[in-house]
Number of protein chains: 2
Amino acid sequence: MIYLMALDRMGFLLKHAYLAYESLAAEKYDAIGATARECGVLAQVQATENPSQLELANELGVDRTTMAQLLDSLEQRGLVSRTPLPTDRRKNLVSLTKSGHDLLARDRVIRAELDREFLAPVHTAEQATLRSSLHAIVNTQRTSSRTP
Amino acid sequence: MIYLMALDRMGFLLKHAYLAYESLAAEKYDAIGATARECGVLAQVQATENPSQLELANELGVDRTTMAQLLDSLEQRGLVSRTPLPTDRRKNLVSLTKSGHDLLARDRVIRAELDREFLAPVHTAEQATLRSSLHAIVNTQRTSSRTP
DNA sequence: TATTGTTATACTCTATAACTATA
DNA sequence: TATAGTTATAGAGTATAACAATA
């Protein structure tokens with residue numbers, strides 16, 4: 001009888017694929033003094049155009065306290081600015097600085113190389129499938145676990 | 001100009017797919033009083049047949065101190081036993097107890113349902129591709145980062 | 001002297017709770 | 001009274017370091 005190894009389990013595969021990506025990303029992103037995650041926050045700020053901190057947190061699936069910490073660091077390094085919304089001063093509108101924009105340009109180059117290297121073991125034809133499958137899973141889970 | 005959202009980044013997709021799986025797994029596995037991860041350890045013990053703690057740790061990609069903690073808990077619950085190897089008493093051979101075997105049988109049922117539900121958003125034809133792609137990535141990274 | 005396993009400790013990531021301010 | 005943001009704290013998961021036993 002053949003026993004299924006833990007190595008073939010979905011949980012193991014997802015965890016270690018994630019860890020492998022993070023490890024490779026840490027190497028590559030070292031050159032620009034920011035993490036892949038931080039660049040993800042910047043990208044979301046750019047895509048959303050002046051989100052509040054809470055909107056940003058909800059979009060990225062993190063707690064607002066975690067977002068506050070991330071933004072503290074990004075702001076201290078001059079990558080984003082926080083501006084109180086005049087019509088509702090409880091909200092901080094987050095926007096990219098010039099440095100933030102510049103960093104995103106460098107991020108794009110690094111990420112292209114990172115993804116290329118990370119996905120190298122997967123046949124070219126299946127790389128898009130991998131991405132779309134993950135996308136489908138993540139979108140399903142995220143939309144079904146939203147609080148009303 | 002259209003900006004790429006952070007939500008489409010590989011790191012984000014992998015992380016949240018992993019978190020979604022863990023969240024769903026935590027629900028399902030609650031019924032048997034063990035985690036998916038613990039069942040993965042049991043499965044690896046079964047597949048390897050009497051591994052030492054260190055072998056087990058290396059195979060599963062965790063630190064030996066982490067493995068010691070995992071095994072402490074599994075042993076206390078009567079799921080595995082540790083036996084010093086007579087020819088090298090530094091090594092503990094890990095083996096499944098009857099309860100450990102029984103739990104693995106229940107794990108198989110739970111995992112089938114869990115995977116089915118988790119992979120539901122992915123077309124059936126692409127589910128195997130997702131698994132094989134992750135497998136290729138994880139195996140590549142793991143074998144290339146082994147210490148000699 | 002090197003290896004296996006154990007224990008104590010520290011670090012990272014993240015969330016919960018309590019607080020301030022604004023509405 | 002509810003919401004946005006901040007701060008302090010705690011928890012999970014993991015690794016590093018020091019140690020004991022064995023080789």
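Chain letters run A, B, ... following the sequence lines, proteins first and then strands; every chain starts at 1.
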Worksheet item: Among residues 21-30 of chain A, which residues get a heavy atom nearer than 4.0 Å to DNA chain D?
Response: none

Worksheet item: Who are the side chain to side chain contact (heavy atoms under 4.5 Å, CB included) partners of B/Arg77, not counting sequence neighbours?
Response: B/Ala34, B/Glu38, B/Ser73, B/Leu74, B/Leu79

Item to complete: Take nucleotides 11-23 of chain D nucleotide by nucleotide from the 5' end and write B, S or -, depending on whether a protein heavy atom sits under 4.0 Å from the base, only from the sugar-phosphate, or from neither.
Response: ---BBBB----BS

Worksheet entry | Those residues that, when tested against A/Ser99, pass side-chain hydrogen bond (donor to acceptor under 3.5 Å, both in side chains) (two or more places apart) | none

Worksheet item: Quick one: side chain to side chain contact (heavy atoms under 4.5 Å, CB included) partners of B/Ala26, sequence neighbours excluded?
Response: none

N/O donor to acceptor pairs below 3.5 angstrom from side-chain atoms of residues 110-120 of chain A, sequence neighbours left out:
from	atom 1	to	atom 2	distance (Å)
A/Glu113	OE1	A/Arg116	NE	3.4
A/Glu113	OE1	A/Arg116	NH2	3.3
A/Glu113	OE2	A/Arg116	NH2	3.4
A/Asp115	OD1	A/Tyr21	OH	2.9
A/Asp115	OD2	A/Arg131	NH2	3.1
A/Glu117	OE1	A/Lys28	NZ	2.7

Fill in: Distance, rounded to the nearest Å, where A/Leu71 contributes CG and D/dA4 contributes P
15 Å

Discussion item. By the salt bridge (Lys or Arg N to Asp or Glu O under 4.0 Å) test, which pairs, at least two apart or in different chains, include something from residues 6-17 of chain B?
Written reply: A/Asp107-B/Arg9

Practice prompt. At the 4.0 Å heavy-atom cut-off to chain A, mark where contacts on DNA chain C begin and end, going 5' to 3'.
Written response: C/dT14 to C/dA23

Discussion item. In this structure, how many angstroms lie between the P atom of D/dA4 and the CD atom of A/Glu59, rounded?
Written reply: 13 Å

Discussion item. Just the rounded figure in Å: distance from C1' of D/dA4 to CG of A/Leu56.
Written reply: 13 Å

Worksheet item: Can you list the residues that meet the side chain to side chain contact (heavy atoms under 4.5 Å, CB included) rule with B/Asp63, with sequence neighbours excluded?
Response: B/Thr65, B/Thr66

Item to complete: In plain terms, say whether A/Lys98 and A/Asp102 are close enough for a salt bridge, that is, a side-chain N and a carboxylate O under 4.0 Å apart.
Response: yes

Fill in: Pairs satisfying salt bridge (Lys or Arg N to Asp or Glu O under 4.0 Å), at least one member in residues 44-55 of chain B, at least two apart
none

Worksheet entry | Contacts of type side chain to side chain contact (heavy atoms under 4.5 Å, CB included), residue A/Arg82, not counting sequence neighbours | A/Gln53, A/Leu71, A/Asp72, A/Glu75, A/Asn92

Worksheet item: Is B/Leu93 isolated, or which residues cluster with it under the ILVMFWY side-chain rule of less than 4.5 Å, directly or via members?
Response: B/Leu85

